[in-house]
2 protein chains.
Amino acid sequence: MPNLLYALPQSTLIAATPEPEDAPLVLGAVLLSMVVVYFAAKLGGEICARINLPPVLGELVGGVVVGVSALNLIVFPESGSEETGSLIIRFLEATGGLSTEGAFSVFQAESEVLDILSELGVIILLFEIGLESDLRELIRVGPQAAIVAILGVVTPFTLGTVGLIALFNVPTVPAVFAGAALTATSIGITAKVLAELGKLSSREGQIIIGAAVLDDVLGIIVLAVVASLAKTGEIEISRVLILVGSAAAFLIGSIFLGRLLSPYFVALVDRLQTRGQLLISALIFTFILAYIGAVVQLEAILGAFAAGLILAETEKREELEEQVIPVADMLVPIFFVTVGARTDISVLNPLDPGNREALIIAIFLVVVAIIGKIVTGLGVFGQDGINRLAIGIGMVPRGEVGLVFVGVGSATGILSESLEAAIIVMVILTTFLAPAFLRVVFREPDQDSGAPAVDGTAPLAVEGGDRSEVEAVQD
Amino acid sequence: MPNLLYALPQSTLIAATPEPEDAPLVLGAVLLSMVVVYFAAKLGGEICARINLPPVLGELVGGVVVGVSALNLIVFPESGSEETGSLIIRFLEATGGLSTEGAFSVFQAESEVLDILSELGVIILLFEIGLESDLRELIRVGPQAAIVAILGVVTPFTLGTVGLIALFNVPTVPAVFAGAALTATSIGITAKVLAELGKLSSREGQIIIGAAVLDDVLGIIVLAVVASLAKTGEIEISRVLILVGSAAAFLIGSIFLGRLLSPYFVALVDRLQTRGQLLISALIFTFILAYIGAVVQLEAILGAFAAGLILAETEKREELEEQVIPVADMLVPIFFVTVGARTDISVLNPLDPGNREALIIAIFLVVVAIIGKIVTGLGVFGQDGINRLAIGIGMVPRGEVGLVFVGVGSATGILSESLEAAIIVMVILTTFLAPAFLRVVFREPDQDSGAPAVDGTAPLAVEGGDRSEVEAVQD
C-alpha cells in the first residue's frame with residue numbers, strides 16, 4: 001500500500017509525550033500562538049491594504065516577522081528550532097507554570113496542533129476558491145480565455161523548469177516544482193486589480209477573469225501532479241499521465257456525479273431543522289472529498305476545491321459563501337502566517353556571499369514569471385484592437401495559489417531553502433509589480449466601474465452577505 | 001509556580017511520535033473523525049429537533065453512539081482504548097496505507113488534535129453565550145430574578161452535595177462537583193421552551209429569563225471554583241473565598257475595564273479594512289482573556305465568557321453574533337460529541353448488579369435537580385397572583401451548561417464513571433421533563449407570541465442575521 005497521502009503535513013508531526021501536569025498547557029500554548037498568528041496577520045494585512053496591495057501578502061510577511069527569521073514566536077521543530085527558541089514556550093514557563101522538563105513536549109504538541117489547523121485552513125481556502133469559481137462563466141468567455149490560460153501554464157512552466165535545470169543545475173524534481181509554482185494566476189488578486197482600474201467589465205478584463213478561473217483549475221491539477229512527483233522523487237512519464245488522468249477523472253467525475261447528486265444535497269439540507277445544517281452538511285461533503293482526493297494519490301485540497309465547485313452549482317451557493325467566510329477568516333490566516341513563519345529569509349541577505357545563488361535564482365524566476373505570462377496575450381485571436389499586453393500583464397500576479405505551492409513544497413521538503421525563498425520573492429514581486437504595470441498598459445483609465453471596491457472593502461466585508469466575488473476571494 | 005491551569009484538556013495529550021511516513025495520515029484521521037463527529041451531531045440533533053427536544057441533547061447522544069459505548073469510531077486513549085479499538089484507525093489502515101506500527105502514534109496525535117478542537121469549541125460556545133447575555137436586562141428584571149437565581153444555585157447545590165456525602169458516601173470533592181453540576185440553568189433551553197409555550201413575554205417568563213441569565217454567570221463562577229478545587233483535591237475555605245473573590249474580581253474587573261476600553265476596540269475595528277477584521281479582533285481579545293482567566297487559576301472558558309459579555313455591550317454585538325455563528329457551528333459540536341463519546345454508558349445497564357449504585361445516584365440527582373429548582377419560585381416576592389410553580393419549573397432544564405460541567409469533570413478525572421453517567425442522566429432527564437411539566441403548570445397556553453420560533457428554527461438559522469436570542473443559543 002502506498003504511504004503517499006497528503007502532501008501538506010509531514011512537518012511538525014513528530015510529537016513527543018507531554019507529562020500529565022504539563023499537558024493542559026498545550027491549550028495555553030495554542031491560544032497564545034493563535035493570538036500571535038492573528039495579530040501578525042492583521043497587522044501585515046492592514047499595512048498592505050493601505051498601500052493598495054493584497055492583504056494576503058501582509059499575512060505572509062507578518063508570518064516572516066513572527067517566525068524563525070525574526071521574532072521566534074511561531075517556530076516549528078522541523079526547521080531545526082528547539083523549544084528554548086520559542087518565545088511562546090518561554091512565556092508559558094514564566095507565566096503559566098510550565099516546567100523546563102515539560103517544555104519540549106508542549107512545544108511539539110502545540111506545533112502539531114497548529115500544523116493541523118493550518119492544513120484545515122488551506123482546505124477551507126480551496127473550498128472557498130472552488131465555491132467562488134464558475135464553470136459556466138468559463139464556458140461563456142470561451143476559447144480565448146482557454147488559450148490564454150493554457151499558454152499561461154505551459155510557457156512559464158517550460159521556461160522556468162528548463163532554465164533552472166540548464167542554467168542553475170537544479171535537480172529535476174525541485175525544478176519541476178518551482179516551474180509549477182510559476183503557473184497559477186491568482187483570481188482574487190487579478191480581479192481586485194482590475195476592479196481598482198475600473199476594467200473588470202472590459203473585453204480584456206473578461207478574458208483575463210475567464211483565463212484566471214481556468215488557471216485556478218489547471219494550477220490545482222499541476223500542483224497535485226508535482227506534489228505527488230515530489231513525494232516519489234522521480235519522474236516517470238507513465239506516472240505523470242496516470243496522475244493527470246486521475247486528477248482530471250477525479251475532478252470531472254466528482255463534478256459530474258456531484259451535479260447529479262447535488263439536488264438531493266439541497267433537498268436534504270432543506271429538510272434539516274437544526275442550526276448549522278448547511279455549513280455542517282457542506283463540511284461533511286468537503287472533508288469526504290478531501291479524504292478521497294488524498295486516497296487516490298492526489299491532494300486533500302483538490303477534493304476540497306472540487307467540493308466547492310460542485311456546491312457552487314447549487315442554489316445554496318450564496319448562503320454557503322456567507323457562512324464559509326467567518327470560518328475561512330478564522331482558519332486561513334493560520335495557513336499563510338505559518339508559511340511565512342517557516343520561511344528563513346536570511347538566505348536572501350545579499351551581504352552573505354553564500355546567498356548569491358538564491359538571489360540570482362529569484363531574479364531569474366521573477367523575469368520568467370513576468371515574460372511567461374505576458375506572451376499569453378499573443379494567443380488571443382479574432383479580437384481586433386484588443387490590448388494584448390494588458391491581458392498578459394493581467395495574468396502576472398500569483399498570490400494565494402503560488403503560496404499554496406510554497407506551503408506544499410515546504411511540507412514535502414522537496415524545495416531547498418534558497419529555492420523556496422526565491423519562489424516567495426517571485427510571488428511577492430509579481431503581485432507587487434502587476435498593479436503598477438497594469439496602470440501603465442491600460443492607457444485610458446475609466447473610473448466608472450469597480451473603483452470603489454478597493455476603498456469599500458472594509459464596510460462590505462463587515463456585512464458578509466453582500467460582498468462581491470472580488471472581495472470574497474481576495475485574501 | 002502552580003501547574004493548575006486549564007481544567008479542560010489533560011486527557012488525550014499523551015501523544016506519541018508518528019513515524020515520518022505515517023505522519024501525513026494524522027490529517028486524514030482528523031478529517032475522518034470530523035466527518036463522523038458532524039454526522040453524529042446532525043443525526044442526533046435532527047432527531048431531537050423533530051421530537052421537540054433541544055438538538056444539543058442529540059449531539060450528546062450521537063456522541064455516545066459513535067463513542068466508546070457503542071460504535072468505537074471516536075475513542076480516546078485515556079478511557080483505556082487502544083488504537084486497535086478505533087474503527088477510524090482501522091479504516092485508515094485499510095484505505096490509506098497506514099502501517100500497523102504507525103497506528104498507535106497516529107491514533108494518539110489524532111486524539112490530541114480532536115481534544116484541542118473540542119476545547120476551542122467550548123471556548124467559542126462560552127464566548128457566544130456571553131455575547132447573548134445582557135447585563136442591562138438583568139438589572140431591569142431586578143431583585144426577583146436575582147433571588148430566584150441565587151436560590152436556584154444554593155438549594156440544589158446544598159441538597160445534592162450533602163445528600164451524596166450522607167446517603168451515598170461519595171467523597172467530598174466529587175460530591176461538591178456533582179452538586180455544582182446541579183446549579184446551572186440553560187438559558188438557551190429555557191428560552192426555547194418558553195417560546196414554544198408563548199410565555200416568553202409573560203411576567204413569569206421575564207423573571208425566568210432574568211434569573212437564567214444571572215444563573216449562567218453564577219454557574220460559570222461555581223464551575224471555576226469547583227474545577228480548581230477538583231484539581232487540588234481538597235477544600236479549604238480560605239481557598240474557596242480566594243477563588244470566589246478572584247472569579248468575581250476577574251469577571252467584574254474585566255467587564256469594567258472592558259467597558260472602558262470597548263469604544264477603542266470599536267474604533268480600531270472600524271479603521272481596519274481587511275477581511276475578518278471584526279471576528280479576528282474579537283478572537284484575539286477572547287483568546288487573551290481566556291489565557292488570563294486560566295493564569296489567575298480560573299478557567300479559560302470564564303475568560304471567553306467575559307469577553308463575550310464585554311463585546312455584547314458594544315455596537316458590534318449583532319455583527320459579531322452573526323459571524324460567530326458559523327465558527328460555533330463548526331467547533332461546538334466537536335465538544336458535545338466528544339463529551340458523549342467519552343461517556344461509557346454501560347455503567348447504567350440495569351441488568352448488571354454492579355450498576356445499581358449509579359442508577360440509584362442518578363434517580364437521587366434527578367429528584368434533587370427538580371425539587372431544588374421548583375422551590376426557587378417561593379422566593380418571588382411582591383408579585384400577587386404569580387405562578388410560582390411555573391417559575392420554578394422554568395428553571396429546571398440544565399442543558400449545555402450542565403454538560404460543560406460533565407466535560408470539565410471528565411477532563412480533570414475527578415468524577416467516577418458512575419457519578420459522571422448519573423450527572424448526564426440528570427441533565428438529559430431535566431431537559432426532557434421540563435417542557436412537559438411546563439405545559440401542565442401554565443394552565444392557559446396563549447399562542448400569540450413566540451410559538452413560531454420552534455418550527456421556524458430552520459429558515460431563521462439559515463439566514464444567520466435575523467435570529468433572535470432564543471434560536472441563537474439553543475444548541
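Residue numbers begin at 1 in each chain, while the letters A, B, ... track the order of the sequences.
Only the side chain of B:L279 comes within contact range of chain A, judged by heavy atoms closer than 4.5 Å. Using a 4.5 Å cut-off between heavy atoms, B:V30 touches chain A through its side chain atoms alone.
Interface remark: of the candidates A:I288, A:L32, A:L331, A:L32 forms the most heavy-atom pairs closer than 4.5 Å to chain B. Contact count against chain A (heavy-atom pairs under 4.5 Å) is highest for B:I280 among B:V35, B:V327, B:I280, B:V37.
Counting heavy atoms from C-beta outward, A:L117 and B:L117 have side chains that approach closer than 4.5 Å.
Looking at every heavy atom in both residues, A:L120 comes nearest to B:M34 through CD1-SD, 4.2 Å. Heavy-atom minimum distance, B:F39 versus A:I284: N-CD1, 3.8 Å. In plain terms, the two heavy atoms of A:A290 and B:L31 that are nearest each other are CB-CD1, 4.0 Å.
Taking CD of A:E112 as the start and CD of B:Q108 as the end, the distance is 10.5 Å to the nearest 0.5 Å.
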>> Pair A:Y291, B:L92 - check side-chain contact (heavy atoms from CB on, under 4.5 Å), show working.
In response: CA-CA 10 Å; A:Y291 183 75; B:L92 270 173; 3.3 Å; yes
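The backbone N or O of B:E46 lies less than 3.5 Å from no partner atom in the side chain of A:Q273, so there is not a single donor-acceptor pair.
The only member of A:E59, A:R50, A:K42 that meets side chain to side chain donor-acceptor pair (under 3.5 Å) when paired with B:T274 is A:K42.
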